Student: 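The structure under discussion is supplied below as structure tokens; questions concerning it will follow.
Chain A is the first sequence line, chain B the second, and so forth, proteins listed ahead of strands; every chain is numbered from 1. Quick caveat, the model's predicted, so the values are computed rather than measured.
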Number of protein chains: 2
Amino acid sequence: MPQTARRARAAKAAKLQSAAFRRTRSDHSRELAEDYVELIADLIDERGLARGTDVAGRLGVANATVVKMLKRLQDAGLVTQEPYREINLTGEGWLLAENGRKRHRIVENFLLALGLSEETARIDSEGIEHHVSDETLKAMARFVARNS
Amino acid sequence: MPQTARRARAAKAAKLQSAAFRRTRSDHSRELAEDYVELIADLIDERGLARGTDVAGRLGVANATVVKMLKRLQDAGLVTQEPYREINLTGEGWLLAENGRKRHRIVENFLLALGLSEETARIDSEGIEHHVSDETLKAMARFVARNS
DNA sequence: GTAAGAGTTTAGCCTTTGCTAAACTTAATT
DNA sequence: AATTAAGTTTAGCAAAGGCTAAACTCTTAC
């Protein structure tokens, strides 16, 4: 009877699955941080500086929410800001932002290569970006390289 | 009820800004519900019934958390449960679960067709599943059909 | 130099999703 | 029948991420 084996397999699968879920959940905070940092980097590149209002506007969030979040990002060493002044990224912040943008670009190009509309590629890549492992990202990059 | 109104107002106000960000964020609660419902369906199919402990174990979460969540899912009309008894899905719950499993299957098969390991395909599909539009899902299904 | 407008911060509140510890119920064993 | 083990529920707490309203600061235009 493969009952024991089946149970063992089930247990193993359960453990792995719960790991996957836990990973997903604990990444939420990190995802948000990445969104902020990526956006701040974009704003600095686009208009020379990033202000709270701009961030709030683009994220569709209240000013006060941004203030609170920026405090956390400062504590995390990703951002610097003096009171009533514009937002800047630390070295670590820039690294994170660059990494995020790179992932974002790959995922978006991949979706385009898959034949999706620009609109869909933009929206879906935003959602997918944070959930793609390095292995998958590499496969996407390879696919884009082969199909362009 | 003021929640919905507030969100609607906020959405309208920030309409020109990034819809993708807000969509991602507001979907979190829905995603969690889908994860629960999908898992409950799996448990019922696998072992004939779903208990709180099983759900807690697979999601990597405390029992009390599951209890609280189940209350919400009951309020949402997705789940039924009598005190100290096993968990059941309503008709709507089954529909949601089936839909989730279908999406899940497509994404996972797609990642496999892309050449990823089973392990990676399983983990990444879990994260990606909820962020894929119908358009993208269709493209993934097409890809799988062509490459199998 | 001051007043106005734009932008920022603070204060206080809410909901969601988590946790632990303790109480309770059900089922199983003896 | 009584004890115990397994599972469930309650109570109370915390952190994250939202919000509004009101206070504050900075810059710019008079």
Side-chain angles (χ1 to χ4, degrees), chain A residues 18 21-37 39-40 43 47-76 78-88 130, chain B residues 1-14 17-18 21-37 39-40 43 47-76 79-88 130:
Chain A
S18 89
F21 279 116
R22 242 196 318 278
R23 183 171 162 277
T24 313
R25 232 181 358 263
S26 72
D27 275 359
H28 271 170
S29 177
R30 167 130 256 221
E31 281 167 42
L32 233 210
E34 268 181 32
D35 282 343
Y36 268 83
V37 163
L39 172 52
I40 290 165
L43 285 169
R47 14 182 122 170
L49 90 178
R51 288 174 315 168
T53 311
D54 304 329
V55 173
R58 289 242 191 142
L59 290 179
V61 128
N63 274 346
T65 302
V66 171
V67 171
K68 212 181 268 188
M69 195 62 201
L70 287 179
K71 226 162 254 161
R72 290 204 196 105
L73 296 180
Q74 275 187 80
D75 290 347
L78 298 172
V79 149
T80 60
Q81 186 186 27
E82 268 137 78
Y84 296 98
R85 293 267 111 93
E86 79 269 17
I87 308 161
N88 279 294
H130 303 290
Chain B
M1 144 270 287
Q3 176 99 8
T4 320
R6 202 183 310 137
R7 249 201 302 267
R9 245 180 297 127
K12 189 174 179 187
Q17 307 299 337
S18 168
F21 282 116
R22 246 170 308 103
R23 179 171 166 278
T24 312
R25 232 183 358 264
S26 71
D27 274 358
H28 271 172
S29 178
R30 180 153 204 289
E31 283 168 40
L32 232 210
E34 267 182 31
D35 282 343
Y36 268 84
V37 163
L39 172 53
I40 290 165
L43 286 168
R47 16 181 120 171
L49 90 179
R51 290 175 313 169
T53 311
D54 304 329
V55 173
R58 289 241 191 142
L59 290 180
V61 128
N63 275 345
T65 302
V66 171
V67 171
K68 212 180 268 187
M69 195 64 200
L70 287 179
K71 224 161 256 160
R72 292 213 192 96
L73 296 180
Q74 276 187 78
D75 291 348
V79 148
T80 60
Q81 186 186 25
E82 270 137 75
Y84 296 98
R85 293 268 111 93
E86 79 269 17
I87 308 160
N88 278 293
H130 303 290

Student: Run the side-chain contact (heavy atoms from CB on, under 4.5 Å) test against B/Arg72 and tell me which residues pass, sequence neighbours left out.
Tutor: B/Lys68, B/Met69

Student: Rounding to a whole Å, what distance do you find between A/Leu32:CG and D/dA15:P?
Tutor: 18 Å

Student: Ignoring hydrogens, what is the shortest heavy-atom contact between A/Arg58 and A/Leu39? Give both atom names and the distance.
Tutor: CB-CD2, 3.7 Å

Student: Whole angstrom is fine here: how far is it from CG in A/Leu49 over to C1' in C/dT8?
Tutor: 14 Å

Student: Can you check the B/His28 NE2 to C/dT15 C1' distance for me, whole Å?
Tutor: 15 Å

Student: If the cut-off is 4.0 Å, is A/Thr65 near the phosphate of D/dC19, judged by side-chain N/O to OP1 or OP2?
Tutor: yes

Student: How long is the line joining CD of B/Glu34 and P of C/dT17, in whole Å?
Tutor: 13 Å

Student: Heavy atoms under 4.0 Å is the rule here; annotate nucleotides 5-13 of chain D 5' to 3' with B where the base is hit, S where only the sugar-phosphate is, and - elsewhere.
Tutor: --BBBBBBB

Student: For the residue pair A/Thr80 and A/Gln74, what are the closest heavy atoms and their distance?
Tutor: CA-CG, 4.4 Å

Student: Minimum heavy-atom separation for A/Leu49 and A/Asp54, please, with both atom names.
Tutor: O-OD2, 4.4 Å

Student: Can you tell me how far C1' of D/dG17 sits from CG of A/Leu73, to the nearest Å?
Tutor: 12 Å

Student: Are B/Arg72 and C/dT15 close enough that a side-chain N or O sits under 4.0 Å from OP1 or OP2?
Tutor: no

Student: For B/Thr53, what residues pass the side-chain contact (heavy atoms from CB on, under 4.5 Å) criterion, not counting sequence neighbours?
Tutor: B/Asn63

Student: I'd like to check the side-chain hydrogen bond (donor to acceptor under 3.5 Å, both in side chains) partners of A/Glu34; sequence neighbours left out, ordered by chain and number.
Tutor: A/His130

